[in-house]
Amino acid sequence: MYDIGGYTEAKTVDEVIALLKNNDNALIISGGTDVLIKARERKSGYVGRDLIGIIRIPELLGVKMNSDESIIIGPATTFSGVEKNEIIAKNLNNLSYAVGTVGGPQTRNAGTIGGNICNGATSADSASTLFAYNASVIIKGINGERELPISEFYLGPGKVALEHSDVLVGIKIKKEDYHGYKGHYIKFSPRKAMDIATLGCSVLIKENNGVIEDLRIAFGVAGPTPIRVNNAEEYAKGKTISPEVLDKIGELCLENSRARDSWRASKAFREQLIKELPKKAIMISSGGK
């Protein structure tokens with residue numbers, strides 16, 4: 001049985017902010033695939049909370065492309081909505097694939113991309129790919145609107161840069177961060193579906209006849225938050241893709257990681273994945289096998 005105090009369905013973002021401001025016990029709920037589970041399990045911080053529903057607020061739904069060709073994703077858009085959106089499929093195919101690996105169909109039809117990053121979990125399937133795309137988040141609160149890089153949004157395990165009265169209102173990816181890139185996301189987990197990632201690796205590459213012009217590698221579950229491996233990315237620029245170069249990239253990825261032991265996998269196993277998954281993702285992205 002769910003232990004909640006009450007529920008209000010908000011109609012606008014401003015209404016959400018006002019409700020949060022006037023109620024320290026209030027908590028936003030979107031698709032509910034995370035919040036309701038924690039409420040049912042009596043997790044600390046989720047017992048007896050007054051929930052504010054945002055799933056039907058028009059300004060938080062859908063995907064649009066601005067005049068400068070930056071892409072704005074509404075945080076209340078479901079995983080299925082992101083995966084099947086034409087703008088996403090055409091320009092951010094790596095993200096489309098990544099959100100398609102989340103849970104099962106029921107979770108993808110209810111869970112939202114905003115909820116996936118706002119819970120602050122390093123294992124979130126959308127997070128590492130958003131890191132690779134240099135995404136930024138748009139936040140609205142009692143003091144107005146602000147934008148910050150997603151790398152600054154994640155503060156630690158389960159903690160993000162949201163004040164109590166803040167609402168995530170958009171996820172933004174600029175044209176320069178997706179145009180001309182190819183990519184691939186690999187989710188390693190014991191089962192192919194309905195499982196949390198043991199490690200997630202998202203790669204974006206811009207290359208010309210096998211020469212790497214730019215490379216981005218992001219991991220989930222390789223540290224307390226999703227991470228980028230800047231040293232490996234810098235090393236790869238100007239290099240021709242080869243087994244030796246790929247091996248070096250894998251070694252450099254390991255230098256930036258902070259893998260740990262858990263009941264899902266040992267630190268040593270995760271470190272092996274950290275070295276191997278980016279090599280495989282690069283080859284798939286560049287048309288190899």
K.L.:
Do V167 and L19 sit in the same hydrophobic cluster, where Ile, Leu, Val, Met, Phe, Trp and Tyr count as joined when their side-chain heavy atoms come under 4.5 Å apart?
P.N.:
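Shared cluster, yes.
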K.L.:
Judged by atom type as modelled, is there a donor-acceptor pair below 3.5 Å linking the side chain of R108 to the main-chain atoms of V99?
P.N.:
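Absent.
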K.L.:
Locate the shortest heavy-atom distance separating H164 from N23; write the atom from each residue and the value.
P.N.:
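Of all heavy-atom pairs spanning H164 and N23, the closest is NE2-O, 2.9 Å.
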K.L.:
Provide the closest heavy-atom pair for S126 versus N116 in the form atom of the first, atom of the second, distance.
P.N.:
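Scanning both residues, the minimum pair turns out to be OG-OD1, 2.7 Å.
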K.L.:
Could you tell me whether a side-chain N or O of N91 sits under 3.5 Å from a main-chain N or O of I87, the two making a donor and an acceptor?
P.N.:
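Pair found, side chain donor or acceptor close to backbone of I87.
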K.L.:
How would you list, by chain and number, every residue that makes a side-chain contact (heavy atoms from CB on, under 4.5 Å) with E59, sequence neighbours excluded?
P.N.:
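Partners of E59 under the side-chain contact (heavy atoms from CB on, under 4.5 Å) test: T12, V13, I57.
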K.L.:
Without placing hydrogens or testing angles, list every side-chain donor-acceptor pair under 3.5 Å for residues 25-35, not counting sequence neighbours.
P.N.:
| from | atom 1 | to | atom 2 | distance (Å) |
| --- | --- | --- | --- | --- |
| N25 | ND2 | G48 | O | 2.9 |
| N25 | ND2 | D50 | OD2 | 3.3 |
| S30 | OG | T112 | OG1 | 3.1 |
| D34 | OD2 | K38 | NZ | 3.2 |

K.L.:
Scan for ring-ring contact (aromatic ring centres under 6.0 Å, His included) pairs involving residues 138-162, sequence neighbours excluded, and state none if there are none.
P.N.:
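Every ring-ring contact (aromatic ring centres under 6.0 Å, His included) pair that includes a residue of residues 138-162, provided the two are not neighbours, is F131-Y154.
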K.L.:
Is the backbone N or O of D177 less than 3.5 Å from a side-chain atom of N134, with the two atoms forming a donor-acceptor pair by type?
P.N.:
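Checked: no pair found.
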K.L.:
Assigning hydrophobic clusters by single linkage (Ile, Leu, Val, Met, Phe, Trp, Tyr; side-chain heavy-atom cutoff under 4.5 Å), is I249 placed with L254?
P.N.:
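Linked within one cluster.
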K.L.:
Specify the closest pair of heavy atoms between V160 and C118, including all atoms of both residues, with the distance to one decimal.
P.N.:
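Scanning both residues, the minimum pair turns out to be CG2-O, 3.6 Å.
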K.L.:
Only counting residues at least two apart or in another chain, list the ones meeting side-chain contact (heavy atoms from CB on, under 4.5 Å) with P157.
P.N.:
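If we apply the side-chain contact (heavy atoms from CB on, under 4.5 Å) test to P157, skipping adjacent residues, the hits are P224.
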K.L.:
Could you pull out the closest heavy-atom pair between I274 and F219, with the gap in Å?
P.N.:
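Scanning both residues, the minimum pair turns out to be O-CZ, 3.5 Å.
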K.L.:
Among the clusters formed by ILVMFWY side chains lying less than 4.5 Å apart, do I171 and L204 turn up in the same one?
P.N.:
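Shared cluster, yes.
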K.L.:
Do the side chain of S96 and the main chain of E83 share a donor and acceptor less than 3.5 angstrom apart?
P.N.:
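The answer is yes, because a donor-acceptor pair under 3.5 Å joins these two groups.
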K.L.:
Do I73 and L95 pass the side-chain contact (heavy atoms from CB on, under 4.5 Å) test, and can you show the C-alpha distance, the side-chain angles, and the key distance before you say yes or no?
P.N.:
CA-CA 11 Å; I73 305 169; L95 182 61; 3.6 Å; yes
K.L.:
Is there a donor-acceptor pair under 3.5 Å between the side chain of N66 and the backbone N or O of D68?
P.N.:
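No, because the side chain of N66 does not come within donor-acceptor range (under 3.5 Å) of the backbone of D68.
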K.L.:
Can you list every pair that meets salt bridge (charged side-chain N to carboxylate O under 4.0 Å, His left out) and has a residue in residues 6-32, with sequence neighbours left out?
P.N.:
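Non-adjacent pairs meeting salt bridge (charged side-chain N to carboxylate O under 4.0 Å, His left out): E9-R56, D14-K140.
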K.L.:
Check whether any side-chain N or O of T77 sits under 3.5 Å from a backbone N or O of G62 as a donor-acceptor pair, and report yes or no.
P.N.:
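Checked: pair present.
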K.L.:
Drop me the distance from I241's CD1 to N209's CG, to the nearest 0.5 angstrom.
P.N.:
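Here the rounded value is 10.5 Å.
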K.L.:
Could you walk me through whether D214 and Y181 pass the side-chain contact (heavy atoms from CB on, under 4.5 Å) check?
P.N.:
CA-CA 9 Å; D214 194 25; Y181 286 90; 2.4 Å; yes
K.L.:
Please tell me whether I142 and I54 are part of a single hydrophobic cluster in this structure, the criterion being side-chain heavy atoms less than 4.5 Å apart.
P.N.:
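Looking at the clustering, I54 is in the same group as I142.
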K.L.:
Does anything in residues 56-115 pair up under ring-ring contact (aromatic ring centres under 6.0 Å, His included), and if so which pairs, sequence neighbours excluded?
P.N.:
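Those involving residues 56-115 are Y97-H184.
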K.L.:
Quick one: which residue pairs count as a salt bridge (charged side-chain N to carboxylate O under 4.0 Å, His left out) with a foot in residues 111-120, not counting sequence neighbours?
P.N.:
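Residue pairs with at least one partner in residues 111-120: there are none.
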K.L.:
So, N109 versus T78: side-chain donor-acceptor pair below 3.5 Å or not?
P.N.:
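Per modelled atom types, N109 and T78 side chains form no pair under 3.5 Å.
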K.L.:
Could you pull out all residues at least two apart from E69 that satisfy side-chain contact (heavy atoms from CB on, under 4.5 Å)?
P.N.:
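Once residues adjacent in sequence are excluded, the partners of E69 under the side-chain contact (heavy atoms from CB on, under 4.5 Å) criterion are M65, K175, Y178.
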K.L.:
Should D125 and Y185 count as side-chain neighbours, where that means a heavy-atom distance under 4.5 Å?
P.N.:
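Answer yes - side chains close enough.
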K.L.:
Which residues pass the salt bridge (Lys or Arg N to Asp or Glu O under 4.0 Å) test with R49, not counting sequence neighbours?
P.N.:
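So R49 forms no salt bridge (Lys or Arg N to Asp or Glu O under 4.0 Å) with any residue.
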K.L.:
Are any non-hydrogen side-chain atoms of L215 and Y235 less than 4.5 angstrom apart?
P.N.:
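Not touching, per the 4.5 Å side-chain cut-off.
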K.L.:
State the CD-CG distance between E255 and L252, to the nearest 0.5 angstrom.
P.N.:
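E255 CD to L252 CG: 5.0 Å, rounded to 0.5 Å.
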K.L.:
Is it possible for you to say whether L36 and V47 belong to one hydrophobic cluster, with membership spreading through side-chain heavy-atom contacts below 4.5 Å?
P.N.:
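Different clusters: L36 never reaches V47 through Ile, Leu, Val, Met, Phe, Trp or Tyr contacts under 4.5 Å.
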K.L.:
Whether the side chain of S285 engages the backbone of A281 through a donor-acceptor N/O pair (distance < 3.5 Å, no angle test) should be reported.
P.N.:
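Checked: pair present.
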K.L.:
Nearest 0.5 Å please: distance from the CG atom of N94 over to the CD1 atom of I88.
P.N.:
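One gets 11.5 Å once the value is rounded to the nearest 0.5 Å.
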K.L.:
Partners of K174 by salt bridge (Lys or Arg N to Asp or Glu O under 4.0 Å), sequence neighbours excluded?
P.N.:
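Not a single residue meets the salt bridge (Lys or Arg N to Asp or Glu O under 4.0 Å) criterion with K174.
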K.L.:
Which pair of heavy atoms, one from I217 and one from E233, lies closest together, and at what distance?
P.N.:
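Of all heavy-atom pairs spanning I217 and E233, the closest is N-OE2, 2.8 Å.
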K.L.:
So, do I205 and I212 sit near enough that their side-chain heavy atoms are less than 4.5 Å apart?
P.N.:
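Yes, at least one pair of side-chain atoms sits under 4.5 Å.
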K.L.:
Minimum heavy-atom separation for T122 and P226, please, with both atom names.
P.N.:
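Smallest heavy-atom distance, with atoms named: OG1-N, 3.5 Å.
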K.L.:
Does S189 use its side chain to pair, donor to acceptor, with the backbone of A197 at less than 3.5 Å?
P.N.:
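No; zero donor-acceptor contacts below 3.5 Å.
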K.L.:
Pairing donors with acceptors under 3.5 angstrom, does anything connect the side chains of S202 and S128?
P.N.:
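The answer is no; no qualifying pair exists.
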K.L.:
Can you tell me how far OG of S257 sits from CG of L199, rounded to the nearest 0.5 angstrom?
P.N.:
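The distance works out to 9.0 Å.
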K.L.:
Per the side-chain contact (heavy atoms from CB on, under 4.5 Å) rule, which among V203, I282, I186 passes with L277?
P.N.:
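Of all the options given, the one that passes is I186.
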K.L.:
What salt bridge (charged side-chain N to carboxylate O under 4.0 Å, His left out) pairs are there with at least one residue in residues 239-253, not counting sequence neighbours?
P.N.:
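Qualifying pairs: D247-K279.
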K.L.:
Just how far is it from atom CD1 of I139 to atom OG of S165, taken to the nearest 0.5 Å?
P.N.:
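Taking CD1 in I139 and OG in S165, the distance rounds to 13.0 Å.
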K.L.:
Roughly how far, to the nearest 0.5 Å, is the CD1 atom of I227 from the OG atom of S151?
P.N.:
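Answer for the OG-CD1 pair, S151 versus I227, is 12.5 Å.
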K.L.:
Scan residues 146-156 for pairs that pass salt bridge (charged side-chain N to carboxylate O under 4.0 Å, His left out), counting only residues two or more places apart or in two chains.
P.N.:
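Counting only pairs at least two positions apart or across chains, the salt bridge (charged side-chain N to carboxylate O under 4.0 Å, His left out) contacts touching residues 146-156 are R146-D166, E147-K172.
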